[in-house]
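Taking it in order: structure first as structure tokens, then the write-up.
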Amino acid sequence: MMFGQLSIRESLRDLVLVTQAHANKAFHLGFSKAVTKSNLSKANNNQDCRIFEKFAYRVMAEAQKCRAVETFRLGGKVYAFDSTTIDLCLSVFEWAMFRKKKGGIKFHTLYDVETRIPTFFHITPARQHDTKAMDVIPYEENSFYIFDRAYNDFGRLFTINGVGAYFVVRGRKNSDFRPMRWKRRMHAGVLSDAIEYMDGQLTMSKYPKKIRRV
């Protein structure tokens with residue numbers, strides 16, 4: 001199955017045909033003869049999915065070592081985090097109820113911007129809000145995390161601050177801030193660069209420290 005993913009096989013039948021073409025190597029791969037579609041389907045159904053997860057992370061770690069070039073030189077890695085919704089057929093995946101006549105899951109990905117390789121995946125029901133996936137991100141000290149506007153959860157963003165990491169998130173127009181200090185000299189295209197506090201009892205309780213808004 002790992003070979004099928006890496007070689008972009010389109011179906012179990014396609015994978016079986018490829019293994020039959022290399023029947024002389026079957027013994028060394030752990031089975032005495034070319035695999036059949038029915039046996040492959042049974043084995044895939046009974047296989048613990050965690051073996052594929054561990055293999056994926058192993059391959060990604062090796063790929064990162066080859067691609068690391070220290071482009072940013074910020075003292076830590078730079079990550080981008082976002083999600084995509086994968087549609088599923090409700091008649092087949094009844095557990096993946098998304099809407100009345102639609103099934104799906106959300107696939108959350110932590111992407112290493114420097115190496116251009118994903119480093120962490122998390123799957124949730126499609127109905128679940130994106131911000132809840134922030135709770136399982138393996139944050140690293142001194143690293144930078146880039147989020148879209150959907151991740152404006154100041155309680156969870158403050159968690160990033162607590163582990164000694166940094167975040168960049170697109171702000172909302174209705175977010176209230178109380179400016180403390182402005183930067184006078186700014187680069188072209190930057191309208192404002194200020195150090196502020198959250199200006200609201202609820203948001204202040206979630207993020208009590210200073211925050212920089214550009």
Side-chain angles (χ1 to χ4, degrees), residues 1-12 14-15 18-19 22 25 28-30 40 43-44 47-88 93 96 98 103-171 212 214:
M1 294 305 300
M2 295 174 184
F3 170 74
Q5 290 290 331
L6 293 173
S7 59
I8 318 178
R9 299 298 101 195
E10 296 182 354
S11 64
L12 289 179
D14 188 12
L15 179 56
V18 173
T19 58
H22 297 280
K25 302 176 183 178
H28 300 286
L29 293 174
L40 182 60
N44 186 47
Q47 186 65 265
D48 190 334
C49 63
R50 289 174 293 185
I51 188 174
F52 300 107
E53 179 184 17
K54 291 182 178 180
F55 179 76
Y57 282 124
R58 173 70 178 274
V59 171
M60 288 188 296
E62 292 295 328
Q64 280 185 308
K65 294 178 183 178
C66 300
R67 295 292 300 271
V69 292
E70 297 185 0
T71 302
F72 298 103
R73 301 184 184 278
L74 295 173
K77 295 182 179 180
V78 180
Y79 297 103
F81 188 74
D82 206 352
S83 69
T84 183
T85 301
I86 300 175
D87 295 332
L88 297 176
F93 304 98
F98 179 26
I105 58 173
K106 272 188 179 179
F107 196 77
H108 307 265
T109 305
L110 186 65
Y111 184 78
D112 188 325
V113 178
E114 181 181 64
T115 62
R116 301 181 184 180
I117 295 174
T119 62
F120 175 75
F121 302 105
H122 183 60
I123 300 174
T124 64
R127 288 180 173 181
Q128 184 170 301
H129 197 275
D130 288 349
T131 55
K132 293 186 177 180
M134 298 171 70
D135 297 334
V136 297
I137 297 176
Y139 296 113
E140 302 172 8
E141 187 178 0
N142 295 323
S143 291
F144 296 77
Y145 296 87
I146 303 171
F147 300 98
D148 202 352
R149 187 173 296 167
Y151 297 91
N152 271 271
D153 187 313
F154 289 101
R156 290 181 166 93
L157 291 173
F158 189 65
T159 300
I160 302 176
N161 181 281
V163 300
Y166 306 90
F167 65 85
V168 178
V169 62
R170 291 182 62 191
R212 181 182 180 186
V214 180

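Ring-plane geometry between His108 and Phe81 is classed as parallel, the angle between the planes falling under 30 degrees on a 0 to 90 degree scale with a further cut at 60.
When side chains are defined from C-beta on, Gln5 does not count as touching Phe52, because their heavy atoms never get closer than 4.5 Å. For the pair Glu114/Val78, no side-chain contact is recorded, criterion being any heavy-atom separation below 4.5 Å from C-beta on. Between Tyr145 and Leu110, some side-chain heavy-atom pair lies under the 4.5 Å cut-off. The side-chain heavy atoms of Phe147 and Leu157, taken from C-beta on, include a pair separated by under 4.5 Å. Using a 4.5 Å heavy-atom cutoff, the side chains of Ser83 and Tyr151 are in contact.
The ring pair (Phe, Tyr, Trp, His ring centres under 6.0 Å) check on Phe98 picks up nothing, with sequence neighbours excluded.
One distance of note links OG1 of Thr119 with NZ of Lys77; it measures 7.5 Å at 0.5 Å rounding.
In this structure, the side chain of Asp82 does not engage the main chain of Thr109 through any donor-acceptor pair within 3.5 Å.
The environment of CD1 in Ile51 is sparse: at most 12 heavy-atom neighbours from other residues, nucleotides or ligands sit within 6.0 Å.
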Can I get a per-line list of side-chain donor-acceptor pairs under 3.5 Å for residues 53-69, giving both atom names and the distance, sequence neighbours left out?
unit_1, atom_1, unit_2, atom_2, d
Tyr57, OH, Phe121, N, 3.1
Gln64, NE2, Asp112, OD2, 3.1

(Q) Please evaluate residues Leu15 and Phe3 with respect to the criterion side chain to side chain contact (heavy atoms under 4.5 Å, CB included), reporting the C-alpha separation (whole Å), side-chain torsions for both, the decisive distance (0.1 Å), and the verdict. (A) CA-CA 8 Å; Leu15 179 56; Phe3 170 74; 3.7 Å; yes
